[in-house]
Amino acid sequence: MEIKSEVSTLLEEEKRDRPEEEEEDIVCLDEAFFINDNYQLTTYTFGSHVLQLFCLQSASRQLVWPGAMLLNDYLSKNAEMLQGCSIIELGSGVGITGMLCSRFCHQILLTDHNDEVLKILRRNIELNTSSENPSCSAALDAEKLEWGNSDHINRILHKYPGGFDLILGADICFQQSSVPLLFDTVEQLLRNRGCGHCKFILAYVSRAKMMDSMVITEATRHGMLINEVAGTRSVVANLEGVIFEITLC
């Protein structure tokens with residue numbers, strides 16, 4: 001499945017303009033990157049599942065990123081893995097993956113670190129859990145979660161003491177400085193459930209060789225096994241994407 005968006009164009013241009021050896025970060029997201037409320041109701045289809053969300057048509061995390069399309073395509077074809085599960089999504093953005101999962105799972109918590117993004121995320125939850133939209137069968141909520149923030153993580157684990165069966169992440173590895181914090185957070189969530197009882201499904205979109213190796217290195221450093229899901233490597237927005245399944249060793 002291919003999708004083109006302004007954000008992928010922005011990231012591709014930045015990659016071309018910077019020599020590989022000087023790649024210290026993939027893209028810099030300042031505060032203004034998130035402040036835009038020109039939302040449009042947009043329809044997405046994954047297999048037989050039709051979703052509607054408010055999102056932007058510009059380069060911002062309040063739109064649907066290519067990795068989310070990759071992950072939703074994968075989940076829509078493997079919906080049995082979601083049945084009856086408790087799920088947390090990291091870096092949910094507008095919530096398109098959570099809205100799809102809510103049709104199959106028992107409970108899903110969507111998270112993001114940015115207050116502006118959380119506003120549209122909660123608006124989309126309200127849209128998809130209204131009486132006019134009976135497709136959502138799961139308990140659906142949103143919480144602020146800054147990766148590596150112990151207070152945020154502990155608050156979530158206190159609210160959800162049983163933890164989660166699945167951790168989801170789509171197109172969330174695009175800044176090197178955030179990757180160690182991402183895996184710090186994932187490790188805590190995995191260890192809360194114990195080995196063999198929770199896994200992290202990551203839809204990864206490759207934008208730089210340095211980031212490709214860093215994701216694998218950080219997973220290994222945090223005591224995790226990272227495996228590519230067979231048959232998931234594909235092109236999204238002219239970039240190579242793949243699904244990884246990550247568990248504790």
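Everything numeric here is computed off the predicted structure, so don't read it as measured data.
In this structure the side chain of Ile87 never reaches within 4.5 angstrom of the side chain of Leu109, judged on heavy atoms. Side chains of Cys198 and Leu189 form no contact here, defined as non-hydrogen atoms less than 4.5 Å apart. Annotation: side chain of Leu82 is not in contact with side chain of Leu100 (no heavy-atom distance under 4.5 Å). Between Thr232 and Val229, some side-chain heavy-atom pair lies under the 4.5 Å cut-off. Within the 4.5 Å cutoff, no side-chain heavy atoms of Asp141 are placed close to those of Leu110.
Under the ring-ring contact (aromatic ring centres under 6.0 Å, His included) criterion, Tyr204 pairs with no residue at all, not counting sequence neighbours. For Asn154, the side-chain contact (heavy atoms from CB on, under 4.5 Å) test picks out Ser150, with sequence neighbours left out. Partners of His197 under the ring-ring contact (aromatic ring centres under 6.0 Å, His included) rule, at least two apart in sequence or in another chain, do not exist in this structure.
For the atom pair CG of Asn227 and CG of Leu225, the computed distance is 6.0 Å after rounding to the nearest 0.5 Å. Atom NE2 of residue His106 and atom SG of residue Cys85 lie 10.5 Å apart, to the nearest 0.5 angstrom. Rounding to the nearest 0.5 Å gives a distance of 9.5 Å between CG of Leu70 and CG of Leu202. For the atom pair Cys105 SG and Gln83 CD, the distance stands at 9.0 Å (nearest 0.5 Å). In this structure, SG on Cys101 lies 7.0 Å from CG on Asn72, to the nearest 0.5 angstrom. Atom-to-atom distance recorded for Leu71:CG and Ile201:CD1 is 7.0 Å, nearest 0.5 angstrom.
Of all heavy-atom pairs spanning Arg103 and Met99, the tightest one is CG-O, 3.8 Å. Across every non-hydrogen atom of Gln52 and Asn128, the tightest pair is O-ND2, 3.2 Å. The minimum heavy-atom distance linking Ser76 with Gly47 is given by the pair OG-N, 4.4 Å. The shortest non-hydrogen separation linking Pro180 to Met214 is CD-CE, 3.8 Å. Between Ser92 and Leu121, the shortest heavy-atom distance links the atoms CB-CD2, 4.0 Å.
In this structure, the side chain of Thr111 does not engage the main chain of Glu143 through any donor-acceptor pair within 3.5 Å. Formation of a donor-acceptor pair under 3.5 Å by the Asn124 side chain with backbone atoms of Leu53 is not found in this model. Without hydrogens or angle criteria, Asn78 side chain to Met81 main chain gives no donor-acceptor distance under 3.5 Å. For His152 (side chain) and Glu146 (main-chain N/O), a donor-acceptor pair under 3.5 Å exists by modelled atom type.
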Check: residues 240-249 side-chain donor-acceptor pairs under 3.5 Å, at least two apart:
residue : atom : partner : partner atom : Å
Glu240  : OE1  : Arg233  : NH1          : 3.0
Glu245  : OE1  : Lys199  : NZ           : 3.3

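Salt bridge annotation for Arg123-Glu126: absent, with no cationic side-chain nitrogen under 4.0 angstrom from a carboxylate oxygen. The pair Arg207-Asp171 meets the salt-bridge criterion, since a charged nitrogen lies less than 4.0 angstrom from a carboxylate oxygen. Taking the charged nitrogens against the carboxylate oxygens, Lys77 and Asp73 do have a contact shorter than 4.0 Å, which makes a salt bridge. The pair Asp112-Lys144 does not meet the salt-bridge criterion, since no charged nitrogen lies less than 4.0 angstrom from a carboxylate oxygen.
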Practice prompt. Start with the C-alpha distance between Val94 and Thr42, add both sets of side-chain angles, then the distance that settles side chain to side chain contact (heavy atoms under 4.5 Å, CB included), and finish with yes or no.
Written response: CA-CA 11 Å; Val94 296; Thr42 308; over 6 Å; no
Item to complete: Could you walk me through whether Ile153 and Asp184 pass side chain to side chain contact (heavy atoms under 4.5 Å, CB included), step by step?
Response: CA-CA 10 Å; Ile153 297 169; Asp184 287 347; over 6 Å; no
Fill in: Worked check of side chain to side chain contact (heavy atoms under 4.5 Å, CB included) between Leu168 and Ile88
CA-CA 6 Å; Leu168 302 179; Ile88 183 170; over 6 Å; no
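Ring orientation note: the planes of Phe46 and Tyr44 are close to parallel, at an angle under 30° on the 30°/60° scale.
Each of Val50 and Ile96 belongs to its own hydrophobic cluster when Ile, Leu, Val, Met, Phe, Trp and Tyr are linked at side-chain heavy-atom distances under 4.5 angstrom. Follow the hydrophobic side-chain contacts under 4.5 Å out from Ile216 and you reach Val186 in the same cluster.
Side-chain atoms of Gln107 and Ser86 form a donor-acceptor pair, as typed in the model, at a separation below 3.5 Å. For the residue pair Asp212 / Ser206, a side-chain donor-acceptor distance below 3.5 Å is found, with atom types taken as modelled.
Aromatic rings from Trp147 and Phe183 are positioned such that their centres are separated by 6.0 Å or more. Two rings, from Phe200 and His222, have their centers 6.0 Å or more apart.
Residue pairs meeting the salt bridge (Lys or Arg N to Asp or Glu O under 4.0 Å) criterion with at least one member in residues 78-98: none, sequence neighbours excluded. Under the side-chain hydrogen bond (donor to acceptor under 3.5 Å, both in side chains) criterion, the residue pairs touching residues 185-195 are Asp165-Arg193, Glu187-Arg191, with sequence neighbours excluded.
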